[in-house]
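Since we're looking at a predicted model, the values are computed, not measured.
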Amino acid sequence: MNRAEIKTYLPHREPMLLIDNVVVDENKIAHANYYVTGDEFFLQGHFPGNPVVPGVIICEIMGQACSLLIGDQLIGRTPFYAGLDKVRFKRQVKPKDNIEITARITDQRGLIFFVEAEARVDGELCTKGNLSFALVDNDKL
């Protein structure tokens with residue numbers, strides 16, 4: 001799924017749409033990518049002369065990939081974070097890095113989803129954690 005197709009599912013738009021493409025495999029694992037160009041708004045002051053993608057942005061990238069696991073259930077709904085657990089940052093992410101996300105659903109309770117996710121650059125683990133998100137019908141926002 002490319003960015004145009006992703007927009008049919010996620011309500012995020014530039015500059016907050018942070019997934020370039022995603023594939024959900026036969027094992028229901030999402031494989032997503034985001035290429036850090038170096039021009040992103042979140043790098044402008046984080047940090048001058050040494051730009052580093054903020055950890056919260058990496059979590060957002062993982063969260064968007066996780067949301068795409070549920071496909072058509074997203075239509076007409078907005079995913080909101082419900083929790084971040086056991087999140088660990090192992091390596092900095094910098095401009096020109098291609099972030100590779102893998103995510104899988106571990107549990108579901110109604111419209112609340114629990115997911116394990118990780119972000120890697122060149123095969124090296126950057127961030128991992130357990131995320132949860134809730135879907136809210138757009139007409140209730």
Side-chain angles (χ1 to χ4, degrees), residues 1-109 111-141:
M1 193 180 315
N2 61 31
R3 285 178 81 86
E5 294 166 317
I6 290 167
K7 288 179 180 181
T8 65
Y9 294 96
L10 288 180
H12 303 73
R13 295 296 181 265
E14 289 79 6
M16 282 305 295
L17 179 60
L18 298 171
I19 296 291
D20 293 328
N21 58 66
V22 65
V23 172
V24 178
D25 69 20
E26 66 278 354
N27 296 316
K28 302 286 186 194
I29 297 174
H31 302 274
N33 290 71
Y34 179 72
Y35 178 74
V36 183
T37 66
D39 295 326
E40 289 85 357
F41 73 92
F42 49 79
L43 292 174
Q44 292 176 12
H46 196 269
F47 302 97
N50 182 34
V52 176
V53 177
V56 68
I57 295 294
I58 298 170
C59 289
E60 176 63 23
I61 293 167
M62 292 190 315
Q64 289 181 25
C66 292
S67 296
L68 291 164
L69 279 165
I70 60 171
D72 288 342
Q73 292 182 74
L74 279 169
I75 296 172
R77 295 183 172 123
T78 299
F80 289 98
Y81 264 127
L84 296 166
D85 296 304
K86 299 181 183 176
V87 174
R88 298 291 180 262
F89 301 97
K90 304 291 188 176
R91 176 197 186 278
Q92 291 181 350
V93 177
K94 300 207 164 239
K96 309 302 180 209
D97 282 344
N98 184 47
I99 306 170
E100 301 164 352
I101 307 298
T102 57
R104 70 179 186 86
I105 295 173
T106 57
D107 198 8
Q108 178 182 353
R109 296 182 194 131
L111 292 177
I112 300 174
F113 298 83
F114 300 86
V115 183
E116 289 178 349
E118 65 179 33
R120 293 179 178 270
V121 170
D122 294 327
E124 187 178 344
L125 183 65
C126 302
T127 307
K128 66 179 182 174
N130 299 327
L131 294 67
S132 56
F133 63 95
L135 293 183
V136 177
D137 291 331
N138 289 342
D139 61 0
K140 295 181 181 170
L141 298 176

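Contact record, Ile29 with Arg104: CG1-CB, 4.1 Å, taken as the closest heavy-atom pair. Of all heavy-atom pairs spanning Glu60 and Tyr81, the tightest one is N-OH, 3.7 Å. Taking all atoms of both residues into account, the shortest heavy-atom contact from Cys66 to Leu131 is SG-CD2, 4.2 Å. Leu68 and Met1 get closest at one heavy-atom pair: CD2-SD, 4.5 Å. Between Ala32 and Ala65 the shortest heavy-atom distance is CB-CB, 3.8 Å. Nearest heavy atom pair, residue Leu74 against residue Ser67, reads CD1-O, 3.2 Å.
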Which is it for Ile70 and Arg77 under the side-chain contact (heavy atoms from CB on, under 4.5 Å) test, yes or no, and what are the steps along the way? CA-CA 11 Å; Ile70 60 171; Arg77 295 183 172 123; over 6 Å; no
His46 and Val52: side-chain contact (heavy atoms from CB on, under 4.5 Å), yes or no, with the steps? CA-CA 6 Å; His46 196 269; Val52 176; 4.3 Å; yes
Step by step, work out the side-chain contact (heavy atoms from CB on, under 4.5 Å) result for Lys28 and Ile105. CA-CA 8 Å; Lys28 302 286 186 194; Ile105 295 173; over 6 Å; no
Could you walk me through whether Val56 and Phe42 satisfy the side-chain contact (heavy atoms from CB on, under 4.5 Å) test, starting with their C-alpha distance in whole Å, then the side-chain angles of each, then the deciding distance to 0.1 Å, before giving a yes or no? CA-CA 10 Å; Val56 68; Phe42 49 79; over 6 Å; no
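With respect to Glu116 and Lys86, no salt bridge is recorded, no charged nitrogen being found less than 4.0 Å from a carboxylate O.
With hydrogens and angles disregarded, a donor-acceptor distance shorter than 3.5 Å links the side chain of Arg13 to the backbone of Lys7. In this structure, the side chain of Asn2 engages the main chain of Ala4 through a donor-acceptor pair within 3.5 Å. Between the side chain of Thr127 and the backbone N or O of Ala119, no donor-acceptor pair lies under 3.5 Å. Of the possible donor and acceptor atoms, none in the side chain of Asp137 sits under 3.5 Å from a partner among the backbone N and O of Gly76. At least one donor-acceptor pair under 3.5 Å links the side chain of Thr106 to the backbone N or O of Phe114. Looking at Glu40, its side chain does come within 3.5 Å of a backbone N or O of Gly38 through a donor-acceptor pair. A donor-acceptor distance shorter than 3.5 angstrom exists from the side chain of Gln64 to the backbone of Met16, with no hydrogens or angles considered.
Here the CD1-CZ distance, from Ile58 to Phe89, works out to 6.5 Å after rounding to the nearest 0.5 Å. Between Lys128 atom NZ and Ile101 atom CD1 the span is 14.5 Å, to the nearest 0.5 Å. The CG atom of Asp107 lies 11.5 Å from the CG atom of Asn130; values are rounded to the nearest 0.5 Å. Taking CD1 of Ile6 as the reference point, atom CG of Asp20 lies at 7.5 Å (rounded to 0.5 Å). For the atom pair OG1 (Thr37) and CG (Asp97), the distance works out to 11.5 Å, reported to the nearest 0.5 Å. Atom CD in Glu100 sits 15.0 Å away from atom OH in Tyr34 (nearest 0.5 Å).
Counting non-hydrogen atoms of neighbouring residues, nucleotides and ligands closer than 6.0 angstrom, the NZ atom of Lys94 exceeds 12 such neighbours. Within a 6.0 Å radius of CG in Asp122, other residues, nucleotides and ligands contribute 12 heavy atoms or fewer.
A side-chain contact (heavy atoms from CB on, under 4.5 Å) with Val36 holds for exactly one of Asn98, Ile61, Leu18, Val93; it is Val93.
Taking the side chain as every heavy atom from C-beta outward, Val22 and Tyr9 never approach each other to under 4.5 Å.
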